[in-house]
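Being a predicted model, the structure only gives us computed values, none of them experimental.
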Amino acid sequence: MPNYARLDALINSSAVQDQLEALMEIQALIPLECEDDSSKLTSFANFLRLPFGSSSDPQVLAHASRALGQLAQLGGNEAVEPELKRALQRLKVCNRLDSAVLVVKELAQHAPTLVYVHVADVIEHIWAAIRDSRVPVREGAARALCACLELMAGRESRSRAKWYDRVYEEARAGFDAGSVEAVHGALLTTTELLGESGAPLSEAKLRDVFDLAWAHREHREKLVRRAVVALVPKLAEHCARSPHAGALFVQTYLSMTIAHLLNTLRTSSSDLREAAFLAIGDTAIATSRCPRRALLSSASVASGGGRSPDAGGPSADAPPLPRSPSPKAPKAATADEKAAKGVGWLLRGYNRSSAATPASLRPPVDYPPLSPRSSDGDGGSRVGRRYSASHPFLPFVAGVLKEVRESLTPSKRGPSKRAAYCAEAIVCVAKLAEALGEELEPQCEDLYPHLFSHGLSEKLRASLVLMATHIPSQLHALQRRVLDAVCLVLARCPFSEWQRLSPHERASGCAAAASESHDDAAVAQQVTLALQTLGAFNEGDWSGQPQVLAFVHECASCFLDSDEVRFAPRAPPPPPAVPLVVVAPSPPSPRTTPPTTP
């Protein structure tokens, strides 16, 4: 039974920590207390009224809005409707906009029927929050607008076109206003307008709104420049979905936007470089989804003809990428599904030949079987390539990968903006693999030392899964690299060297890793990640690979005995006490029965 008096005292406290404690306890109690007793929904909703009305702490408002969303999810529309009406009133009078936009966003996601009735009010009054002087309020208002656009996209209405026009006109008005707050708000609005749930804009409106945004790419405020960078893939994705402007981005904007993103990588600080790498990868994927006519008609752009004056392209000394047609493969799993599978299947078949991959070792996606390369030098049938050689992004690959190498293994020629390691470069490579498929294969071998230059990381692990999925001919090379990376962390030597060590030397390597992790948090994090990767080794068929199974067994046994609690739960359980390699006994030789003497 909840202690309501205690919750009331905490929520009314002037200390932020007390309010956070009460809100987190309420979030934990809502699914337990309200699932079978809807009468308690109103009681919990009343607790949330005070934070929304008086607190200005971002954490307090975030926790309160999440609790309100929980109530709405459990069917408490009547309980949360008063808070929605108060939020709409605050939008109208421009008061407490920080809490108002959070309430609208949460209820639009979790009580769509309730909020849809008030969408017209949101579209009418949200613009003061979009142009507020506080960045969190502007970003929160953009998220609330996105949630309302999703409601509009999923319901047919005679008013929908009018609402879309209002959003478009307000975006233009923000650009015309000229202040930093108004321009940033206009860029956030344009980003949502071009999103998956945004308005189906005509080609003329797309040109108009993007040209207005593009004019601010060199703005003095980093926040504005970052928003322009994030807008590029949104335009590409919108054009790929549009029945009216499918070829617009490839023909008009691809060259100049990639040139700007590459220049951002060369000259900007770390946070803008991170955004630029992600934008390049997402743009490559989006151009892959453009209608076929867009890819064909962009041939002159890719070869240099019809390019914008400020456009960039591949470096002059870049080697040409091979171009051979390939059939389009079926739709693959989503990025989240691929990453969730871990790298267990990456590590299968370590000692197998990559020329003919058995069915049990193929990536867990619906690609056709991997065919060996043909001997005529053109690569044969490359199943990983999902798009033809006319892919419009190919001319920019060499320039992008040059920046990737620079960002993963920085130069030591003194401090510079480009000297900092940028992990988003790894994510960019994975996105290029998803976009180009086997077109990226000639560059892979040169990329691997750079990708693994800083050891294991979550981003590297998820990116390698995507690379092996979309470039299956590189599966064997990736297996070797991943196994060596794990072995370097847990045994302090590559896997090939580990196989030649004596049992005592192997145990010493694991013991050294465990000892260092006690004193160094960074080492402990690496060991934990390696153990998580090691846990995936039990997946799949391991017959015929006793060395790998022995590695799993010995490393797991060492860290299960460690005093560090973070290691033991993540280490895979030791295999049963049976030999790792079961050798079938030889059939007994026929025994001759001695003759019996009578």
Side-chain angles (χ1 to χ4, degrees), residues 187 190-196 198 201 206-207 209-211 213-214 216-217 225-242 245-266 268 272-292 294-295 297-299 301-302 307-308 310-315 321 334-335 386-388 390-404 407 422 424-437 439-440 443 463 466-467 470:
L187 287 167
T190 305
T191 299
E192 302 304 338
L193 197 60
L194 297 178
E196 191 169 354
L201 299 179
L206 281 173
R207 287 178 181 272
V209 73
F210 187 75
D211 289 345
W214 190 245
H216 297 279
R217 65 189 180 279
R225 299 198 302 273
R226 185 184 181 95
V228 173
V229 167
L231 189 61
V232 171
K234 291 293 184 180
L235 177 65
E237 292 165 4
H238 188 95
C239 290
R241 294 191 304 269
S242 173
L248 174 63
F249 182 82
V250 169
Q251 293 179 338
T252 307
Y253 295 113
L254 177 60
S255 292
M256 69 180 190
T257 53
I258 297 301
H260 174 68
L261 294 175
L262 290 175
N263 186 60
T264 301
L265 292 176
R266 299 182 188 110
S268 299
L272 274 180
R273 289 170 64 234
E274 293 170 2
F277 270 125
L278 297 178
I280 287 172
D282 290 334
T283 302
I285 294 174
T287 54
S288 302
R289 297 168 180 163
C290 284
R292 176 65 180 170
L295 302 184
S297 61
S298 65
V301 175
R307 185 172 295 170
S308 177
D310 61 341
S315 57
L321 295 174
T334 64
R386 299 189 296 153
Y387 312 105
S388 73
S390 63
H391 194 297
F393 203 86
L394 279 174
F396 310 101
V397 170
V400 172
L401 294 185
K402 179 182 177 183
E403 297 303 322
V404 167
S407 298
C422 185
E424 278 67 22
I426 296 175
V427 182
C428 180
V429 172
K431 291 178 182 291
L432 290 178
E434 183 176 352
L436 301 171
E439 296 280 8
L440 195 63
Q443 310 287 337
S463 297
L466 280 175
M467 289 183 67
H470 295 283

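Summarising the geometry of T257 relative to L254, their closest heavy-atom pair is OG1-O, 3.0 Å, with the distance given to 0.1 Å. In terms of heavy atoms, H238 sits closest to L194 at ND1-O, 3.4 Å. E274 and C422 get closest at one heavy-atom pair: CG-SG, 3.7 Å. Nearest heavy-atom pair, L231 versus T190, reported as atom, atom and distance to 0.1 Å: CD1-CG2, 3.8 Å. Nearest heavy atoms, R266 versus E403: NE-OE2, 3.2 Å.
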**Message:** Under the criterion salt bridge (Lys or Arg N to Asp or Glu O under 4.0 Å), I'd like the reasoning laid out for R273 against E424: C-alpha separation, chi angles, the key distance, then a yes or no.
**Reply:** CA-CA 8 Å; R273 289 170 64 234; E424 278 67 22; over 6 Å; no
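Considering only residues two or more places apart in sequence or on other chains, F210 meets the ring-ring contact (aromatic ring centres under 6.0 Å, His included) condition with W214, Y253.
To the nearest 0.5 Å, the span separating CZ on F393 from CG on L432 amounts to 5.5 Å. Remark: L235 CG to T191 OG1 distance equals 10.5 Å, nearest 0.5 Å. Atom CD in E237 sits 7.0 Å away from atom CZ in R289 (nearest 0.5 Å). Interatomic distance, C239 SG to Q251 CD, rounded to the nearest 0.5 Å: 10.0 Å. To the nearest 0.5 Å, atom CG of residue L272 and atom CG of residue L261 are 10.5 Å apart. To the nearest 0.5 Å, atom CG of residue L193 and atom NZ of residue K234 are 11.5 Å apart.
Judged purely by atom type and a 3.5 angstrom limit, S407 has no side-chain atom pairing as donor or acceptor with the backbone of V404.
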